[in-house]
Amino acid sequence: MPNTAPLDGPSRPDPRPAVLLLHGLCANPLEMMPLARALRDAGYVVEAPALDGYGVVPPAAGAPAVDQPARRPVPPFEAWVDLAAAHFDALAAKHSRVAVGGLSMGAVLALALALKRPAAALMLLSTSLHFDGWNVSPWRRLLPLAYVPPLRQWLSFRETPPYGIKNERLREWVAQAMNSSHVSAAGADRLPAASLYQASRMIRLVRRRLGEIDAPAVVLHASEDDVSGPRSVLDLQRHLGTTPEVHWFHHSYHMLTLDNERGAVTQAARQFLQRMVPVEALPEHPASFDHDRGPPP
């Protein structure tokens, strides 16, 4: 008996803009969830992927504590960019406009991606073009010594309070998570020298080529950033191909998406995106389009 089931036609494009959110180095998508939720509520399709070899996977709920989270060998930063580009391309296949955002080293990764892909807009939070915040140890200037090939394979650096968070209750929760599982919403408790070495290579590339990036950009930064001071913002203002919109926050530290002003941060990012990449009115029967099926944050 012949098969009379109708054949699926070609999938129609989704009219909504998409947003790719990139977490920080040795971190995970949990730190991007407040922003992702706000943008989804505003009508955007949002993906905040975990990037293998760049981030650290948090333990599953109820899983027993481990001595250290599992780490894979750190690939060159070009592989990080390629992974981000693959996620961008998957979104671009369904959406005509794809914006990119990132936090900390994720903002640098977003800039590196914008050198390879036509981002509709950039949201740069706590951009780490320099490690010169008030909580960065003076010993950090000796960090290049740890990049010597034999050393960088086994050296790592422990994160110290305040973990980029000014809110004391949230900071205590992050500290407990790091002590119990070595990973929290604010990232891992240790940064391998190999990861920092690749991050430094990516930073040098991005700083050298900022003038080639002409996507509209918003820069969100804490005036008391404990990891990356105002110099990173000045670099963006002076050297990006287009003058960015800049917002300063005065009651938070580095982890803007989680700290005291996370509501104001997500509002500023959302309003910028709505101006630069507005969500068009959906048709009467949006069910005919492909929708993102990822679980809500």
request  = Take Val227 and Ser126 through the side-chain contact (heavy atoms from CB on, under 4.5 Å) test and state the conclusion after the steps.
outcome  = CA-CA 9 Å; Val227 176; Ser126 304; over 6 Å; no
request  = Take Asn135 and Tyr253 through the test side-chain contact (heavy atoms from CB on, under 4.5 Å) and record every step on the way to the result.
outcome  = CA-CA 10 Å; Asn135 194 44; Tyr253 292 160; over 6 Å; no
request  = Let me see the working for Val233 and Thr127 under side-chain contact (heavy atoms from CB on, under 4.5 Å), right down to the final yes or no.
outcome  = CA-CA 7 Å; Val233 178; Thr127 311; over 6 Å; no
key: Test log, rule side-chain contact (heavy atoms from CB on, under 4.5 Å), inputs Tyr54 and Leu83   = CA-CA 10 Å; Tyr54 166 77; Leu83 278 175; 5.9 Å; no
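Counting only distance, with no hydrogens or angles, the side chain of Asp226 and the backbone of Gly164 share a donor-acceptor pair below 3.5 Å. The main-chain N or O of Gly229 is found under 3.5 Å from a side-chain atom of Asp132 such that the two form a donor-acceptor pair. A donor-acceptor contact shorter than 3.5 Å is absent between the side chain of Ser232 and the backbone of Ser128. A side-chain donor-acceptor contact under 3.5 Å links Tyr44 to the backbone of Leu273. Of the possible polar contacts, one joining the Glu31 side chain to the Gly24 backbone as a donor-acceptor pair under 3.5 Å is found.
When the shell of 6.0 Å around CZ of Arg231 is examined, it contains 12 or fewer heavy atoms from other residues, nucleotides or ligands.
A distance of 10.0 Å separates CG of Leu115 from CZ of Arg208, quoted to the nearest 0.5 Å. Atom CE in Met276 sits 12.0 Å away from atom CE in Met123 (nearest 0.5 Å). Atoms CG and OG1, on Leu236 and Thr243 in that order, are 11.5 Å from each other to the nearest 0.5 Å. A distance of 11.5 Å separates NE2 in His221 from OG in Ser252, rounded to the nearest 0.5 Å. Rounding to the nearest 0.5 Å gives a distance of 13.5 Å between CZ of Arg97 and CG of Leu91. Separation of atoms CG (Leu210) and NE2 (His239) is listed at 7.5 Å; rounding is to 0.5 Å.
Checked by atom type, the side-chain pair His130/Asp235 shows a donor-acceptor distance below 3.5 Å. Residues Gln198 and Arg201 have side chains that bring a donor and an acceptor to within less than 3.5 angstrom of each other.
By the 4.5 Å heavy-atom criterion applied to side chains, Leu205 and Phe77 are counted as neighbours. Using a 4.5 Å cut-off on side-chain heavy atoms (C-beta onward), Thr257 and Thr266 make no contact. Taking the side chain as every heavy atom from C-beta outward, His87 and Pro49 approach each other to under 4.5 Å. Contact annotation: the side chain of Leu258 never approaches that of Leu30 to less than 4.5 Å [non-hydrogen atoms, C-beta and beyond]. Side-chain contact between Arg270 and Asp41 is absent, with no heavy-atom pair separated by less than 4.5 Å. In this structure, Phe131 and Ile203 have side chains that are in contact, with non-hydrogen atoms separated by less than 4.5 Å.
The two atoms that bring His250 and Trp248 nearest to each other are CE1-CB, 3.8 Å, heavy atoms only. Closest of all the heavy-atom pairs between Val219 and Pro244 is CG2-CB, 3.7 Å. The two residues Ser104 and His254 come nearest to each other via the heavy atoms OG-NE2, 2.7 Å. Nearest approach of Arg16 to His95, heavy atoms of both residues: O-ND1, 2.7 Å. Shown here for Cys26 and Ser195, the closest heavy-atom pair between the two residues is SG-OG, 3.8 Å. Nearest approach of Phe88 to Pro118, heavy atoms of both residues: CZ-O, 3.8 Å.
With respect to Arg117 and Asp89, a salt bridge is recorded, a charged nitrogen being found less than 4.0 Å from a carboxylate O. Checked for salt-bridge contact, Glu261 and Lys166 miss the test: no charged N lies under 4.0 Å from a carboxylate O.
Test Asp259, Leu125, Leu35, Leu103 against Val265 for side chain to side chain contact (heavy atoms under 4.5 Å, CB included) and you get one pass: Leu125.
In the hydrophobic clustering of this structure, Leu122 does not group with Leu234; members are Ile, Leu, Val, Met, Phe, Trp, Tyr whose side-chain heavy atoms approach within less than 4.5 Å, directly or through other members.
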